[in-house]
**Q** 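One structure, as structure tokens, below. Some questions next.
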Amino acid sequence: MTAAPDSPLATLWCPAPNHEERRGGRAPDMLLLHYTGMETAESALDWLTRQESGVSCHYLVDEEGRIAQLVAESERAWHAGQSTWAGETDINSCSIGIEIHNPGHDFDYPDFTDAELRAVGALCRDILGRNAIPPDRVLAHSDVAPGRKRDPGEKFPWERLAAEGVGLWVPPAPIEGDQGLGPGDEGVEVEALQRDLLAYGYGVEVTSTYGTGLEKAVEAFQRHFRQGKIDGRADASTRKTLARLLTARARFAVA
Ligand SMILES: [Zn+2]
């Protein structure tokens with residue numbers, strides 16, 4: 001365990017007890033963003049550095065843009081919980097976790113502040129400079145734990161971050177007002193949707209039935225990539241945005 005932060009941007013070093021070696025010697029290749037979901041950043045820092053909380057993270061950014069480091073990047077922090085992405089289930093072993101202070105959906109979900117977003121952008125770029133993390137693996141907690149987690153939520157400006165060189169983003173296709181596919185639907189179109197989500201990394205099963213798991217995955221996708229309407233229905237806008245994203249990633253992969 002290092003005695004100093006990995007990031008020169010971290011002005012506070014607040015070691016958290018909950019961490020261990022990354023399993024299988026896994027190097028981090030994912031950046032996972034969260035909101036704290038607590039009323040104040042101080043209470044979040046207190047909680048995240050207590051053993052009995054059973055959680056921790058690598059970095060905490062408060063609403064003033066101050067950055068604290070809690071766990072060394074080389075170590076496995078406890079922020080993802082039961083999660084899955086691209087077939088992998090030990091997300092803590094492959095990721096670096098940033099908690100961004102915001103009280104979240106249970107406390108009226110205020111806007112993120114400009115100061116914290118500037119700090120988050122700078123911190124992400126700094127982390128990406130030290131670790132081999134592809135753009136499509138800069139993710140929301142909700143992406144890897146659909147249905148269980150909603151953070152950092154539909155107010156988090158992924159587009160702004162992408163403009164700063166962090167993460168993969170495509171302009172969402174316009175919402176057309178069509179019903180699209182939804183719970184209870186079955187058939188080849190549902191199966192194609194499941195295959196596309198699975199191809200991007202979402203933990204969905206290919207069953208050709210629009211069940212709760214698919215609904216939650218679509219909701220998670222919308223919170224990240226089509227924030228104008230979060231309803232778990234695969235309308236034309238959602239499906240076109242997903243197709244654009246897969247194309248953008250394929251272009252990136254061959255570049
Ligand atoms: Zn989270």
Side-chain angles (χ1 to χ4, degrees), residues 10 14 16-20 22 28-63 66-71 73 75-86 88-113 116-117 119-121 123-124 127 133 136-158 161 166-167 201-203 213 216-225 227 230:
C14 310
N18 294 329
H19 64 86
E20 69 255 294
R22 293 180 182 276
D29 65 357
M30 178 189 291
L31 186 51
L32 201 61
L33 304 192
H34 304 258
Y35 67 43
T36 57
M38 295 183 75
E39 287 188 89
T40 67
E42 292 73 28
S43 51
L45 181 61
D46 182 61
W47 184 242
L48 288 160
T49 51
R50 272 176 196 266
Q51 190 161 26
E52 63 265 34
S53 70
V55 292
S56 64
C57 63
H58 295 89
Y59 295 97
L60 172 68
V61 180
D62 76 8
E63 63 271 45
R66 284 179 297 233
I67 300 169
Q69 186 164 357
L70 286 67
V71 173
E73 289 178 6
E75 293 280 296
R76 180 182 186 272
W78 302 1
H79 55 98
Q82 197 182 0
S83 301
T84 176
W85 190 258
E88 209 166 4
T89 52
D90 183 5
I91 298 303
N92 283 335
S93 278
C94 71
S95 64
I96 290 173
I98 302 177
E99 289 280 356
I100 305 160
H101 179 61
N102 185 300
H105 293 86
D106 290 340
F107 300 97
D108 296 334
Y109 194 29
D111 288 338
F112 292 90
T113 70
E116 73 185 340
L117 292 174
V120 168
L123 176 61
C124 287
I127 292 169
I133 299 173
D136 60 304
R137 288 176 66 89
V138 179
L139 294 167
H141 196 189
S142 50
D143 288 320
V144 302
R148 195 173 69 79
K149 291 291 174 183
R150 291 179 286 181
D151 62 308
E154 61 279 6
K155 284 187 174 180
F156 188 76
W158 294 98
L161 229 62
V166 178
Y202 286 92
K216 299 299 177 194
V218 168
E219 226 179 89
F221 174 81
Q222 291 169 336
R223 273 187 214 289
H224 188 154
F225 297 106
Q227 297 176 324
I230 318 295

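Each ligand, and each atom within it, is numbered from 1 in the order the structure gives.
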**Q** With the Zn ion (ligand 1) as the reference point, give the N/O/S atom of His34 that is nearest.
**A** ND1

**Q** Looking at Tyr109, does the NZ or CZ of Lys155 lie under 6.0 angstrom from its six-membered ring centre and within 45 degrees of the ring axis?
**A** yes

**Q** With side-chain hydrogen bond (donor to acceptor under 3.5 Å, both in side chains) as the test, pick out the partner of His141 among His79, Arg150, His34, Glu99.
**A** His34

**Q** Hey, what's the ring geometry for Trp158 with His224, parallel, tilted or perpendicular (30° and 60° as the breaks)?
**A** parallel

**Q** Which of the N/O/S atoms in Asp151 sits closest to the Zn ion (ligand 1)?
**A** OD2

**Q** Write the atom name of the N, O or S atom in His141 that is nearest the Zn ion (ligand 1).
**A** ND1

**Q** Tell me the closest heavy-atom pair linking Leu32 and Ala140, and the distance in Å.
**A** CD1-O, 3.5 Å

